[in-house]
Amino acid sequence: MPGQKIETGHTDIVHDVCMDYYGKRVASASSDATIRIAGVSSSSSSQHLATLKGHNGPVWQVSWAHPKFGSLLASCSYDGSVIVWREGHLNEWTQVHTFTDHKSSVNSIAWAPHELGLCLACGSSDGNITVHTARSDGGWDTTRIDQAHPVGVTSVTWAPSMEPGSLIGSGEFDPVQKLASGGYDNTVKVWKLTNGVWKMDCFPALRMHKDLVRDVAWAPNLGLPKSTIASASQDGTVVIWTVGKEGEQWNGKVLNDFKTPVWRVSWSLTGNLLAVAAGDDNVTLWKEAVDGEWQQVTTIE
C-alpha cells in the first residue's frame, strides 16, 4: 500500500498523530496548541475536518476512545491540562471535561482497554500518574500513582485486559487493570490496581536503558502465554520486556541499537509487529522469529 501524505495545516511541529478505530480519521497534536482532525480516504487526498482549540501550550499527545463510548478524543499538553473532546454533530467538537490535576506538563495519555470502561491514564513531568474513570452520572473518579517516576513521567501504556494465557472461551474472565510507565529516571515500571490502590507490580524497576525512556508500549497478547512491553529510549535502544506468569521476573532484551534517540514504539493490533520511529527519520518494522530473535522486516522512509 503506497504511503499517503496528510497536509495537517499545523503551523508548528507535529508531536503526535493518532488514527481512529475505523482508520478513517487522523488526529494530530502540535506545538501550535491545536489539535487538527483530517479525513483519510482510499484516494490519495486527505480532507481537513476540524481544528480543536483549548490548550495554552504545545499539545504532546492525542488519543481516540473506543467507539462504544461515542466519538471521543483526549489530548494532553505542556500547559498541565488534559482535555476530553466529544463530537456532537459531524465534525463539531466540544470540550466535555478538562482535568487539571497535574502541576506541570502532561506528557502522555492512554485510554484503557474498553472492557475496563471509559478510563484515561495520564503521565506528567510532576512525577505523578492519574487515572480518570467516567461514572454513569457523567462525573469522573480519579486514582493516583504519586511519584511514579519522581523526576517525571514520559509515557503510559495499558496492559491488555486479559491475563496472559486466559484464552477467550474459558468462561468468565476478570479483567486486569495494569499499566506500564516510562520516565526521566531511565526506568520502566509496571503498576497494578488492587482494591482501588495502584501498587508497583515489578521489583525492582525495569532498568536497562542508560538515558530517559521516551515511550513504552504494551503489546496486545490475544491470549498468548506471556506479556510483552517495548520501551524506547534517548540512548538509542529499544528493549523488549517479557514475563510469563504473574509474579515472575520481567526479562529485557535489546531489540536493536539505533544509534540515535528513539521517539516512539507502536504494536500492530495482533501484537506480532513492532513499529519503531527513530531520530534518523525512519520508521522500521520488526517481527519476532520462531527462535525468539527479532528481525527487521521493512523500513518506511
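- With sequence neighbours left out, the ring-ring contact (aromatic ring centres under 6.0 Å, His included) criterion links Phe69 to no other residue.
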Checklist entry - Can you check salt bridge (Lys or Arg N to Asp or Glu O under 4.0 Å) on Arg264 and Asp16, steps first, answer last? => result CA-CA 10 Å; Arg264 297 300 290 273; Asp16 192 30; 2.9 Å; yes
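- You'll find the side chain of Val243 stays beyond 4.5 Å of the side chain of Gln249, heavy atoms only.
- Linking ILVMFWY side-chain heavy atoms closer than 4.5 Å, directly or via other members, places Leu118 and Leu116 in two distinct hydrophobic clusters.
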Checklist entry - Going through the checks in order, is the side-chain contact (heavy atoms from CB on, under 4.5 Å) test met by Val190 and Ile229? => result CA-CA 10 Å; Val190 179; Ile229 297 171; 4.0 Å; yes
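- Using a 4.5 Å heavy-atom cutoff, the side chains of Thr100 and Thr98 are in contact.
- With sequence neighbours excluded, no residue forms a side-chain hydrogen bond (donor to acceptor under 3.5 Å, both in side chains) with Trp158.
- Ile37 forms part of a hydrophobic cluster together with Ile35, Leu49, Leu52, Val59, Val62, Trp64, Leu73, Ile83, Trp85, Trp93, judged by ILVMFWY side-chain heavy-atom separations under 4.5 Å.
- Nearest heavy-atom pair across Asp32 and Thr11 is OD2-N, 3.0 Å.
- Looking at Arg214 and Asp211, their side chains never come closer than 4.5 Å, going by heavy atoms from C-beta outward.
- In this structure, the side-chain contact (heavy atoms from CB on, under 4.5 Å) partners of Leu285, at least two apart in sequence or on a different chain, are Ala275, Val297, Thr298, Ile300.
- A distance-only check finds no donor-acceptor pair linking the side chain of Asp141 to the backbone of Thr133 [under 3.5 Å].
- Among residue pairs with one or both ends in residues 81-97, those qualifying as salt bridge (charged side-chain N to carboxylate O under 4.0 Å, His left out) are Arg25-Glu87; sequence neighbours excluded.
- Through side-chain heavy atoms spaced under 4.5 Å, either directly or across other Ile, Leu, Val, Met, Phe, Trp or Tyr residues, Trp263 is tied to no other residue.
- A donor-acceptor pair under 3.5 Å is absent between the side-chain atoms of Ser30 and the main chain of His10, judged by distance alone.
- With respect to Lys287 and Glu293, no salt bridge is recorded, no charged nitrogen being found less than 4.0 Å from a carboxylate O.
- Look at Lys192 and Glu246 and you find a salt bridge, because one of the NZ, NE, NH1 or NH2 atoms lies within 4.0 Å of a carboxylate O, short of that distance.
- In the hydrophobic cluster analysis, where Ile, Leu, Val, Met, Phe, Trp and Tyr join through side-chain heavy atoms closer than 4.5 angstrom, Val14 is grouped together with Met19.
- Listed for the Thr94 side chain is no donor-acceptor partner under 3.5 Å among the backbone atoms of Val96.
- Judged by distance alone, with hydrogens and angles left aside, the side-chain atoms of Asp79 form a donor-acceptor pair with the main-chain N or O of Ser81 at under 3.5 Å.
- Linking Ile, Leu, Val, Met, Phe, Trp and Tyr residues whenever their side-chain heavy atoms come within less than 4.5 Å places Trp294 and Val262 in a single cluster.
- Residues meeting the ring-ring contact (aromatic ring centres under 6.0 Å, His included) test with Trp60, sequence neighbours left out: His15.
- Between Asp235 and His209, the shortest heavy-atom distance links the atoms OD2-CA, 3.3 Å.
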Item to check | Residue pair Thr51, His48: steps toward the side-chain hydrogen bond (donor to acceptor under 3.5 Å, both in side chains) verdict | outcome: CA-CA 8 Å; Thr51 302; His48 176 67; 3.1 Å; yes
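- No continuous path of hydrophobic side-chain contacts links Leu273 to Val276 [ILVMFWY only; heavy atoms under 4.5 Å].
- Side-chain N or O atoms of Asn91 include none that pairs as donor or acceptor with a backbone N or O of Ala50 at under 3.5 Å.
- With contacts defined as side-chain heavy-atom distances shorter than 4.5 Å, the pair Asn272/Glu288 does not qualify.
- At least one side-chain heavy atom of Asn107 sits less than 4.5 Å from a side-chain heavy atom of Ser125.
- Looking at Leu179 and Ile145, their side chains come closer than 4.5 Å, going by heavy atoms from C-beta outward.
- Listed here is the closest heavy atom pair of Cys76 and Ser108: SG-N, 3.8 Å.
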Checklist entry - So His102 and Thr130, side-chain contact (heavy atoms from CB on, under 4.5 Å) or not? Walk me through it. => result CA-CA 8 Å; His102 292 286; Thr130 51; 2.8 Å; yes
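- Checked against side-chain hydrogen bond (donor to acceptor under 3.5 Å, both in side chains), Gln296 has the following partners two or more places apart in sequence or in another chain: Thr299.
- For Trp250, the ring-ring contact (aromatic ring centres under 6.0 Å, His included) partners two or more places apart in sequence, or in a different chain, are Trp218.
- Within 6.0 Å of OH in Tyr78 there are 12 or fewer heavy atoms belonging to other residues, nucleotides or ligands.
- Other residues, nucleotides and ligands contribute only 12 or fewer heavy atoms inside 6.0 Å of the NZ atom of Lys24.
- Side chain of Trp111 to main chain of Ser63: a donor-acceptor pair is present (N/O by atom type, distance under 3.5 Å, no hydrogens or angles).
- Shown here for Ser105 and Ser124, the closest heavy-atom pair between the two residues is O-OG, 2.9 Å.
- Remark: Phe99 engages His97, His132, Trp140 in a ring-ring contact (aromatic ring centres under 6.0 Å, His included) (not counting sequence neighbours).
- Considering NE2 of His89 and OG of Ser71, their distance stands at 13.5 Å, rounded to 0.5 Å.
- Taking the side chain as every heavy atom from C-beta outward, Leu72 and Val84 approach each other to under 4.5 Å.
- When the shell of 6.0 Å around NZ of Lys253 is examined, it contains more than 12 heavy atoms from other residues, nucleotides or ligands.
- Between Cys119 and Val131 the shortest heavy-atom distance is SG-CG1, 3.5 Å.
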Cut-off 3.5 Å, no hydrogens considered: what does the side-chain donor-acceptor table look like for residues 146-156, sequence neighbours left out?
{"unit_1": "Asp146", "atom_1": "OD1", "unit_2": "Arg144", "atom_2": "NE", "d": "2.9"}
{"unit_1": "Asp146", "atom_1": "OD1", "unit_2": "Arg144", "atom_2": "NH2", "d": "3.1"}
{"unit_1": "Gln147", "atom_1": "NE2", "unit_2": "Asp126", "atom_2": "O", "d": "3.1"}
{"unit_1": "Gln147", "atom_1": "NE2", "unit_2": "Asn128", "atom_2": "OD1", "d": "3.0"}
{"unit_1": "His149", "atom_1": "ND1", "unit_2": "Asp185", "atom_2": "OD1", "d": "3.0"}
{"unit_1": "His149", "atom_1": "ND1", "unit_2": "Asp185", "atom_2": "OD2", "d": "3.1"}
{"unit_1": "His149", "atom_1": "ND1", "unit_2": "Thr187", "atom_2": "OG1", "d": "3.4"}
{"unit_1": "His149", "atom_1": "NE2", "unit_2": "Ser181", "atom_2": "OG", "d": "2.7"}
{"unit_1": "Thr154", "atom_1": "OG1", "unit_2": "Gly182", "atom_2": "O", "d": "3.0"}
{"unit_1": "Thr154", "atom_1": "OG1", "unit_2": "Val213", "atom_2": "O", "d": "2.6"}
{"unit_1": "Ser155", "atom_1": "OG", "unit_2": "Val216", "atom_2": "N", "d": "3.4"}

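- Using a distance-only test at 3.5 Å, with no hydrogens or angles considered, no donor-acceptor pair links the side chain of Asn251 to the main chain of Thr242.
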Next on the checklist: As a quick check of understanding, evaluate side-chain contact (heavy atoms from CB on, under 4.5 Å) for Trp241 and Val188, giving each step before the final call.
Outcome noted: CA-CA 10 Å; Trp241 305 90; Val188 174; 4.1 Å; yes
Item to check | Derivation of the side-chain contact (heavy atoms from CB on, under 4.5 Å) call for Leu274 and Ile240 | outcome: CA-CA 10 Å; Leu274 180 69; Ile240 306 290; 3.8 Å; yes
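- Listed here is the closest heavy atom pair of Ser77 and Pro58: OG-O, 2.9 Å.
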For residues 193-208, which side-chain N or O atoms pair as donor and acceptor with protein atoms under 3.5 Å away, sequence neighbours left out?
{"unit_1": "Trp198", "atom_1": "NE1", "unit_2": "Thr143", "atom_2": "OG1", "d": "2.9"}
{"unit_1": "Asp201", "atom_1": "OD2", "unit_2": "Lys178", "atom_2": "NZ", "d": "3.1"}

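- Proximity of Leu120 to Ile109: side-chain heavy atoms (C-beta onward) are separated by under 4.5 Å at one or more points.
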